[in-house]
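For this chain, numbers begin at 1 and follow the sequence in order. Start at 1 and go down the list; that is how both ligands and their atoms are numbered. Being a predicted model, the structure only gives us computed values, none of them experimental. Note that these values count all heavy atoms, side chains included, but never hydrogens, waters or copies made by symmetry.
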Amino acid sequence: MKMRITTNVPNRLVLWALSLLTCNYGQAQSTVFLIPQPASLKVNEGFFQLSSASKVVYLQDSLAFSANWLAEKINQATGWKLAAVNRNENGDIVLQINSSYDNQIGTEGYRLSVSPKVVKIKANTSAGIFYGVQTFLQLLPAPVESTSPVKSTWQAPAVEIIDYPRFRWRGVMLDVSRHFFTKEEVKRYIDQLVRYKFNTLHLHLTDDHGWRIEIKSLPRLTQIGAWRVVRHGYFGSRRPVQQGEAATYGGYYTHEDIREMVAYAKQRHVNIVPEIDVPGHCMAALAAYPELSCTQQIVHVDPGTAFSEWYGNGTFKMLVDNTLNPANEKVYEFLDKVFTEVAALFPSPYIHVGGDECYKGYWAENEECRKLMKQLNTRHIEDLQGYFMSRVEKIIRSKGKRMIGWDEVLEGGVSPEVIVMGWRGVKGGIEAARQGHQVIMSPTTYAYFDYQQGEQTIEPPVYASLRAKKVYSFEPIASEVDPRQVLGVQGNVWTEQIPHMRHLEYMTYPRAWALAEVAWSPRESKNWQDFTRRMEYHFLRADMAGINYARSVYDAIVQTQQREGNLIVKMATEIPDLQIHYTIDGTMPDHRSPVYQTPFVLPEGKITLRVITYRNGKPIGRLITLSPEQLAQRTKLYDSTLTD
Ligand code: ACM
């Protein structure tokens, strides 16, 4: 592999790049670090040399945005003044829409040819060209991600790429309710995601903890519902609102803000899908309009208290009523107003209406709800949700939109036209597809980016775990499903424990990169070991771009198992070429400490295990220290897919 990082790049990056050199990859592969892996890639001899005299030429006006994106990115990193020029001029980077439709690449694909003389990107659509530009940028050395001028060789390897996505829905959901992210932060997030060819941003706009979209006909939703009292500490354990406290944490998007974000996303070929989560998760709306719940209790926008109880088998109880009353006609008038404005603001053909985790305890005690059950001739309280969802579906349809719901909407009421977002493991999505719904697979088991992504004693606390390697292993089309029913995949970033952008990035990457490859690349091209090689190069790119990410993949995986009265320790790493050093004698581990080879029995006694990973004689992971109690406890978390 050629050394491509030169002066002015921070030392740490140079060292890092040097460490890559020591890896033994084929010459052709070693110069190409694309995520997601393209459908077809041929690496040729030689390089295209970018220079200050290079020119980006776009042959159709609709490609001006992509051409300028490319030129600006190069200019930022090089300090040059490359021009993006239209068809009347010559240049060495050419963007062109096909004059006749190229069936192989479809509506989002592209062909990218890089030779020593010229770079050509061709596609059927401007979206395809945009993705071709992203790929070309990834062929340039990592410093191209720098936002200020740096020195580099600015070469791209000669390649022939034919590329198109496996799935048409390649999404990330951002929860802006639990923590508010400004429109500028949302734009920054979009810019990050499109580098990896995501095309859908699902905004979870409403929940118990904040209503984040202006509804002009219902002003209290944002006057009251967008604000909560300030609290610190673990979300879900916080002190309830006290009498007379000012609600000062929050924010919302005005109509202007929404239009601006939608236009920004559209230029980048991203559809923003709004979610208004009903009939549960409505405390912020009910703080504004308490008459819409069964109890009509005065409630507050929740600051992260423990107002719900979860019993571990999918059942739960809300200690405060956060649910709309399905038997109150005023609720449907309210929803009609909300969805009228939402439908007008978002060009998305879809509106997500939630439908998840709706507690029915207050419905069961309500006279109007009981009357409605009689009318519906049912004795099952669950049927009221079916009734509610079918009413909501009618409203959504009346606005010219198609409804999406979490997989609870399968429990009755909705038509096969409704798109189901499967989240409760893969089974929700599979069941929905079997019932004839189109589905988006976003299961907790592979796509929940709010979960911890590594060693639980190191990562910020969250109640569940999902490692990048597991995300990468996701196969969205189960054998029992008609592939045509699966629109695609989505990673969900719930933000209870994500108070700001920097941590949002930490939780998103590298897992979103792994999911990007699930969403885009051919199933047969997937290879975790090769992905890790590319992922590590993208760490370097993210460093250059100032984007945060988790390095949790470098930490050891430590598990214990109880066998015949003994505690067995099993360890592994997600990245293949690391050494695990450990001690059980109370000392700090280093490169002279034992190297983990196979599972071992922990000797009896009060043993503390200390573990750290090394690569090429240098520590690379973080120190893990597990007390005797933690080692014993850990048997309960044993997952054979991680270390066996
Ligand atoms: C969800 O995670 N409640 C959809």
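Within ligand 1, counting atoms from 1 as listed, the ones closer than 4.0 Å to a heavy atom of Trp494 are 1 (C), 2 (O), 4 (C).
Between Glu408 and the choices Met389, Glu382, Arg424, the side-chain contact (heavy atoms from CB on, under 4.5 Å) rule is met once, by Arg424.
The closest side-chain heavy-atom distance from Tyr448 to Ser465 is not below 4.5 Å. With a 4.5 Å cut-off on side-chain heavy atoms, Leu205 and Glu275 do not count as touching.
Of the protein's non-hydrogen atoms, the one nearest atom 3 (N) of ligand 1 is Asp356 OD2, 2.7 Å.
For the pair Tyr448 and ligand 1, the shortest N or O to N or O distance falls below 3.5 Å. Of the N or O atoms in Glu357, one or more lie within a sub-3.5 Å distance of an N or O in ligand 1.
Relative to the ring axis of Tyr506, Arg511 does not place its NZ or CZ within 45° and under 6.0 Å from the centre.
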